[in-house]
> 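Just passing along the structure, written as structure tokens.
Chain letters run A, B, ... following the sequence lines, proteins first and then strands; every chain starts at 1.
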2 protein chains.
Amino acid sequence: MALPRSIQTRLLPCARRSPSLGYVPNRAARSLASQQSHAIALVVPEDTTRFFGDVYFASIVAGINDRLEQSDYVLTLMVADHAPQGKMLRYLAGGAVDGVVVVSHHTFDTSLSRIGQMLPMVFGGRSGLQGVDGWVVDVDNVDGAVTATQRLVDRGCTNIATISGPLSMQSALDRVEGWRSTLQEAGLTPGPVIDGDYSVIGGARAARELIETYPEVDGVFVASDLMTSGAMPVFLDRGYAIPDDVKIVGYDDSPAAKSCEVPLTTVRQPSVEMGREMADILLDVLAGNSDRQRTTVLPTRLVERESA
Amino acid sequence: MALPRSIQTRLLPCARRSPSLGYVPNRAARSLASQQSHAIALVVPEDTTRFFGDVYFASIVAGINDRLEQSDYVLTLMVADHAPQGKMLRYLAGGAVDGVVVVSHHTFDTSLSRIGQMLPMVFGGRSGLQGVDGWVVDVDNVDGAVTATQRLVDRGCTNIATISGPLSMQSALDRVEGWRSTLQEAGLTPGPVIDGDYSVIGGARAARELIETYPEVDGVFVASDLMTSGAMPVFLDRGYAIPDDVKIVGYDDSPAAKSCEVPLTTVRQPSVEMGREMADILLDVLAGNSDRQRTTVLPTRLVERESA
DNA sequence: GTGAAAGCGCTAACAA
DNA sequence: TTGTTAGCGCTTTCAC
């Protein structure tokens, strides 16, 4: 019987040892034999426009890449329109990656729970997903919203509304909760909560609705800076001076915060650091230290500029 | 001899047939046996900031995803700081993907040439890479620049400069060439060429340098809209009225073009369509039709707004 | 140490 | 049609 196994395997063991000679091992074979792929996936259940439109994601990717550079894992980015579909789930479940980082998860999306049972999974932001014992890296959204809202209260606002993220996201719910509790604490009646979808367009739409339904508004907690980029021009157009007539506090401290018409007072969250931390946890877990702390909460802080 | 092969393989052929029951084939094994991975990579040799900052990439990804949705290939995004390094090259060369799409390639980067000899490769924009017979989807950058520059000439500008992309990119060189040839054709002396690095910051810096060295400028072809976002405020700050004192034509027709202080006259290039076309070619080649036309050139057209 | 061989879970070719 | 089996190119174990 002639050459039962690959010629390369049998005859060129020296070439295999010498990567300098240009030998590259076959990934599928290596992966099949060793049961690991040395790749991790970042899954973002958002459409491309949202993914590219929000610098939050850029920071997360930068942080993950930064940490991964010192490892021999590669990062594959998977942008899934809302819930990952069959093809992508099979990709993840089929062993193409050793672990998964999920950001921007919507509570109604349960498609990832099966994956979470097969692979280590780290969430950026609490997921509200049941039955998956993954890891979570988050900021204290409630606390951040309290800080933001307290600033408005301290500045003398009494008619305080909020433009929130989509209520299918835990972070959005938490920020609304922080806003509401601060107002109750202060003895103020909460104004409207309007969903601005964490987007520029949504922020503008929400601002318009807010002015229609609650013209006496004198303070707004806008739950992301991107929404502020949409909302602020609307207030200015309608003749509200900022911060004189209405005060605004944002969330993220993204580049948009500095380049607004009125520089934005906002809650800074350490996005790059979050990415780095998520990658760090995943790498650690993949190396066998599955006793990593389940939840990591990073601090936020108020960045004071002119809008409030 | 007991159970020589996988129990699953031998005993559960029915389960394997029934994906509805939750069976997911092992990707490494399938890939090893069939010699294909059913994945393609989009390689972007840029840092994360650039990748996320330029909507051009968002459009490309959207186009590719759009086309891939009707296939059973998945897209993995690889953002490589400038030249892809060892880890990523081994990933690509090791058979993790069946084909590669490259955008934003710099002429000095030869790291991909070996990959291009192993896998089908489609470039977004001419690469200037030797020895790789890949496919190219491009717009006619020279022609686009001619259109833009001709607009400035027609509007009566006589001191016409250009803010270019990095001259390590073929698209930047082509646009400079189109600009220069139009001016020569018109009997005008070309003004300075200043590299604005295809970025907002770079555009602002270039505008400052331009005003220093060539204050008589009355027309600028800015080779990307992103650079215009940086350049336009500088002109306005320095007291140049647009379009009265200086006329500006951009390139891309990105969202930035509409939201500039002065709505931007710009050369529209069909980025989403380019992504779709690149994916289409790659899929076609992977299906065995390697006789696809090597170069596809998509049309540009001038979008007239107020800046020129 | 160095070398042979088993087997990872599939696909594809072939036999029944 | 259906069932069997030889690889795919690695890693790992085990014998030398």
> Extract the stems that DNA chain C is part of, considering only consecutive pairing runs of at least three Watson-Crick or G-U wobble pairs, both distances under 3.5 Å.
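If one scans DNA chain C for consecutive Watson-Crick or G-U pairs, the stems found are C:1-14 with D:3-16.
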> Can you figure out which of dG9(C), dT11(C), dC10(D) approaches the side chain of S34(B) most closely?
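Among dG9(C), dT11(C), dC10(D), the one nearest the side chain of S34(B) is dT11(C).
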> Measure the distance from CG on N26(B) to P on dT11(D) and round it to the nearest whole Å.
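Between P of dT11(D) and CG of N26(B): 15 Å.
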> Does any residue of residues 88-96 of chain A have a heavy atom under 4.0 Å from DNA chain C, and if so, which ones, in number order?
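Hits under 4.0 Å, by residue number: none.
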> Nearest whole Å is fine: how far is dC10(C) P from R27(A) CZ?
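Result: 19 Å.
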> Between dC10(C), dG9(D), dC10(D), spot the one nearest the side chain of A33(B), thanks.
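My answer, after comparing the listed nucleotides, is dC10(C).
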> From the options dT11(C), dC8(C), dG9(D), select the nucleotide whose nearest atom is closest to the side chain of Q35(A).
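Ranking dT11(C), dC8(C), dG9(D) by closest atom to the Q35(A) side chain puts dC8(C) first.
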> Identify, with sequence neighbours excluded, every residue that meets side-chain hydrogen bond (donor to acceptor under 3.5 Å, both in side chains) alongside S199(B).
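Here no residue qualifies.
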> Excluding sequence neighbours, so at least two apart, what forms side-chain hydrogen bond (donor to acceptor under 3.5 Å, both in side chains) with R30(B)?
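R30(B) satisfies side-chain hydrogen bond (donor to acceptor under 3.5 Å, both in side chains) with no residue once adjacent residues are dropped.
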> Looking only at the side chains, is there a donor atom on one of T300(B) and Q269(B) sitting less than 3.5 Å from an acceptor on the other?
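Judged by distance alone, the side chains do not pair up.
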> Among the candidates dC10(D), dG9(C), dT11(D), find the nucleotide nearest to the side-chain atoms of L32(B).
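Comparing dC10(D), dG9(C), dT11(D) against the side chain of L32(B), the answer is dG9(C).
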> For L286(B), does the CG atom sit with more than 12 other heavy atoms under 6.0 Å from it, leaving out its own atoms?
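Buried by this count: over 12 neighbours within 6.0 Å.
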> Classify the side-chain pair S37(A)/D98(A) by whether it contains a donor and acceptor separated by less than 3.5 Å.
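The answer is yes; a qualifying pair exists.
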> Side chains of D174(A) and Q170(A): do they bring a donor and an acceptor to under 3.5 Å?
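Short answer, yes.
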> Would you please confirm or rule out a distance under 4.0 Å between OP1 or OP2 of dG9(D) and any side-chain N or O of Y23(A)?
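False: Y23(A) side-chain N/O out of range (4.0 Å or more) of dG9(D) OP1/OP2.
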> With Y56(B), which residues qualify under ring-ring contact (aromatic ring centres under 6.0 Å, His included), at least two apart?
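Residues passing ring-ring contact (aromatic ring centres under 6.0 Å, His included) with Y56(B): none at all.
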> So, using side-chain hydrogen bond (donor to acceptor under 3.5 Å, both in side chains) as the criterion, who are the partners of Q117(B) when residues are at least two apart?
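Result, side-chain hydrogen bond (donor to acceptor under 3.5 Å, both in side chains) vs Q117(B): none returned.
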